[in-house]
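To start, the structure under review is shown below, and the notes come after it.
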Number of protein chains: 2
Amino acid sequence: MERSRRARQKPATIHDVARLARVSKSTVSNVIRDVPGVNPETRERVQEAIRTLEYRPNVVARQLVQQRTTLLGIVIGDLSNPFYAEMAKFVESFAAAHGYQLMFCNTQVDENTELDGIRSLIEHRVAGLLFLAYAGDAESARQAVGEQLPIVFLTCDAGWGDVVAVDDFAAARAGTQHLIDLGHRRIAYFADTVHEARAERARQGGYALALQEAGLTPSILRWHDRPQLVEAGGSICTIQTALTAPERPTAIFAANDLHAVDILDAADQASLRVPEDLSVVGFDDIAISRIARINLTTIAQPKEALARLAVDLIVGRIGGKVQGAHQRHSLPFTLLQRRTTGPSPAP
Amino acid sequence: MERSRRARQKPATIHDVARLARVSKSTVSNVIRDVPGVNPETRERVQEAIRTLEYRPNVVARQLVQQRTTLLGIVIGDLSNPFYAEMAKFVESFAAAHGYQLMFCNTQVDENTELDGIRSLIEHRVAGLLFLAYAGDAESARQAVGEQLPIVFLTCDAGWGDVVAVDDFAAARAGTQHLIDLGHRRIAYFADTVHEARAERARQGGYALALQEAGLTPSILRWHDRPQLVEAGGSICTIQTALTAPERPTAIFAANDLHAVDILDAADQASLRVPEDLSVVGFDDIAISRIARINLTTIAQPKEALARLAVDLIVGRIGGKVQGAHQRHSLPFTLLQRRTTGPSPAP
DNA sequence: TTGAAAGCGCTAACAT
DNA sequence: ATGTTAGCGCTTTCAA
């Protein structure tokens, strides 16, 4: 018993199976891979041997000889944002349906770790790379990746590789327009901390255009380093101050739902009523936004469709079914009018 | 140009580097692995070649020859639960700090897919397996895994492998006792849908014991298949009915924060005031529970410490630094009294 | 229908 | 200080 345990410390190999079944490695290989034309009797003998040895094919060896893996690298900005977690979940399930596994790399920490993560993914010879909101420097990532790998940017964009996303610019414009239509004149944008990201810039751009068309003045808020502090037009103050000052915004368009919830929370703490005193629009439609206590007006992204398309696309590229120049897929967004937006308060 | 592109379709190998640098493969290998005793000049020549060829060591080949990987398999119940997403994030970062990558497998879908996922992880020769709330059948998973792999159950338990978790039983008991101390007599438990899981059973057990000691009668609620419908003591009704019936509970202990938020939402829709009419206690302390609009009384788990310990443990087992029987680490929980619990309403 | 043999890219003795 | 060699476990021609 003790002996057989020890003996099995090293997992059985195809060779062990072949010996036990008294066939050659090739025959075992044929059985494993379901190649037709194996004598049923032989097949049974091999399978018997596989069972008794608890043999598990070594994918590492297979990958080496086949010169390809069924691994997809996924780079996630921040898993603790439910939007990305949900996206990752969808991606995982579609990838699995195509026979791909996910190696992942969450990389909020710092830019070098991030690059190391990407490098590690590549050294593992992932068949493709999926970026879910990459925040780092686009150029250095591009260099680390090189040319020989299908890349898909999902709900983000770095200017190279395929892109699957909603039209962030149009979406932000629509969200802002909704506020303008409600009569608001002082509408602020609550920016994401990752201001380099293209998606973030596009959202901000859509916001700015809507304001400009209405003859209004943009005003950008963003978290400062320390909690509860925001930067607004170069000066720093508490979020409560920003929300209650004389020239306070009557409406805020937030870069994402998490930020919108932060605003809601600050408003509550400043005894501001939503939407009577302050309207808030978010972006993403995460699960929590739907409950009665939040009931956030937001731009919904079609998460499942985005994930499916991204996976189909990258799998297509890997298999050579998709070729040619970078594609750009823009899926429709939806403005969900819930209860955090209402008419502008009288001046 | 076109030619050089084509030429680089296949990534450079150690052999290419050796040829270009006019040394042997071993020397290149020594340079890559930072083996001391390489002539500085030679080293420079090799590094030059590596740069010009954009050479990236093939981890797959290395893994094959070294007979080990630096991959950790992580099985996640439900990534869309922020608790698991946050845990996964911590695990990823500690694993990366130890030089390990994560292959992941989210598997709510169905049990077979789940087993396939585990099998795939094993065939990829992950060095260890981390379970974050495994929901499937413990025995079949155990069989799929076999004996030759370090396993750590993190915030869950299947009765085999190391366990890193809080004392779910004691925690649930404490949470329930808090409600009892507030004078509540009809306290229900809102169960997780995954009732086989040991952690879930432990929580339910702690709840039951606290009630029993106080001479009160347990009552279990859980989601039915269709939304908004719950099972309570064999009968099925809407959640609103369950919360407003004559014999309604005045307090609910929920299996996790997500469920607690569901209760809050249902209470809002039934015009029940929290905590005046209904007290609610959760479990996990996810980020959203902290905002003013939720302000959920809950049992907090030390997420970062749990993740760190789990990773240290599994890395220790892999490296042989940790040996012997399965360990069971119980980390302290904290009852966070916030604003969803208050005195029982007068009868 | 089965087997023999070459080799995927790398590491790790062992020689030189 | 560097090179030679023998595999790691598998797939895949090609022969038998």
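No experiment lies behind these values; they were computed from the predicted model shown. Protein chains get the first letters and strands the later ones, always in sequence-line order, with residue 1 at the start of each.
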Note to self: For B:Gln63 and B:Thr69: C-alpha separation, side-chain torsions, deciding distance, then whether side chain to side chain donor-acceptor pair (under 3.5 Å) applies.
What the structure shows: CA-CA 5 Å; B:Gln63 286 172 337; B:Thr69 68; 4.7 Å; no

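Side-chain atoms of B:Ser26 and base atoms of D:dT4 include a donor and an acceptor less than 3.5 Å apart.
Counting non-hydrogen atoms under 4.0 angstrom, A:Val23 reaches the backbone sugars and phosphates but no base. When heavy atoms are screened at a 4.0 angstrom cut-off, A:Val38 is found touching the sugar-phosphate backbone but no base atom.
Between B:Leu72 and B:Ile314 the shortest side-chain heavy-atom distance falls below 4.5 Å. Side-chain contact between B:Gln327 and B:Val322 is present, with heavy atoms from C-beta onward closer than 4.5 Å. Put simply, the side chain of A:Thr13 does not reach to within 4.5 Å of the side chain of A:Asn58, judged on heavy atoms. In this structure, the side chains of B:Phe83 and B:Lys303 come closer than 4.5 Å at one or more pairs of heavy atoms.
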Taking only nitrogen or oxygen atoms into account, show me every contact under 3.5 Å that the protein makes with nucleotides 14-16 of chain D, one pair per line with its distance.
none

Pairs under 3.5 Å (N/O, protein and nucleotides 6-8 of chain C):
from  : atom 1 : to      : atom 2 : distance (Å)
C:dC8 : O3'    : A:Gln67 : OE1    : 3.2
C:dC8 : O3'    : A:Gln67 : NE2    : 3.0
C:dC8 : O2     : A:Val65 : N      : 3.3

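For A:Leu53 and D:dG9, the CG to P distance is 14 Å, given to the nearest whole Å. Straight-line distance from the CZ atom of A:Arg45 to the C1' atom of C:dT1: 12 Å, rounded to whole Å. The interatomic distance linking A:Asp34 (CG) with D:dT12 (P) rounds to 14 Å, in whole Å. The distance from atom NE2 of A:His15 to atom P of C:dA5 is 13 Å, rounded to the nearest whole Å. Taking atom CG on A:Asn30 and atom P on D:dT13, their separation rounds to 12 Å, with Å as the unit. Distance CG (A:Asp16) to C1' (D:dC8): 13 Å, rounded to an integer number of Å. With rounding to whole Å, A:Arg22 atom CZ is found 16 Å from C:dG3 atom C1'. For the pair A:Arg56 CZ and D:dC8 P, the interatomic distance rounds to 22 Å; values are reported in whole Å.
Salt-bridge formation is not detected for the pair B:Arg328/B:Asp162: no Lys NZ or Arg NE/NH1/NH2 atom is positioned less than 4.0 Å from an Asp or Glu carboxylate oxygen. Using a cut-off of 4.0 Å between Lys/Arg side-chain N and Asp/Glu carboxylate O, B:Asp34 and B:Arg43 are scored as salt-bridged. Comment: B:Glu44 engages B:Arg51 in a salt bridge, judged by a side-chain N to carboxylate O separation of less than 4.0 angstrom.
Closest to the side chain of B:Asn58, out of D:dC10, C:dG3, C:dC10, is C:dC10. When distances run from any side-chain atom of B:Tyr55 to the nucleotides D:dG3, C:dT2, C:dC10, the shortest one goes to C:dC10. Among the nucleotides D:dC10, D:dT2, C:dG3, the one closest to any side-chain atom of B:Asn39 is D:dT2.
Counting only N and O atoms by type, the side chains of B:His98 and B:Asp312 include a donor and acceptor under 3.5 Å apart. Defined by atom type and a distance below 3.5 Å, a donor-acceptor pair is missing between the side-chain atoms of B:Glu86 and A:Ser80.
DNA chain C contains the following stems of three or more consecutive Watson-Crick or G-U pairs, with both distances under 3.5 Å: C:1-16 with D:1-16.
Heavy atoms only, all atoms of each residue included: A:Met87 and A:Thr155 are closest at CE-CG2, 4.2 Å.
Between A:Arg33 and the phosphate of D:dC10, there is no side-chain N or O to OP1/OP2 separation shorter than 4.0 Å. When the side-chain nitrogen and oxygen atoms of B:Thr27 are compared with OP1 and OP2 of D:dG3, one or more of them lie within a distance under 4.0 Å. Within the 4.0 Å cut-off from OP1 or OP2 of D:dG9, not a single side-chain nitrogen or oxygen of B:Arg125 is found. Residue A:Ser24 places no side-chain N or O under 4.0 Å from the OP1 or OP2 atom of C:dT2.
Taken from OH in B:Tyr100 to OG in A:Ser120, the straight-line distance is 13.0 Å, to the nearest 0.5 Å.
For the pairing with A:Val46, the side-chain contact (heavy atoms from CB on, under 4.5 Å) check across A:Val31, A:Leu20, A:Asn30, A:Ile32 returns one residue only, A:Val31.
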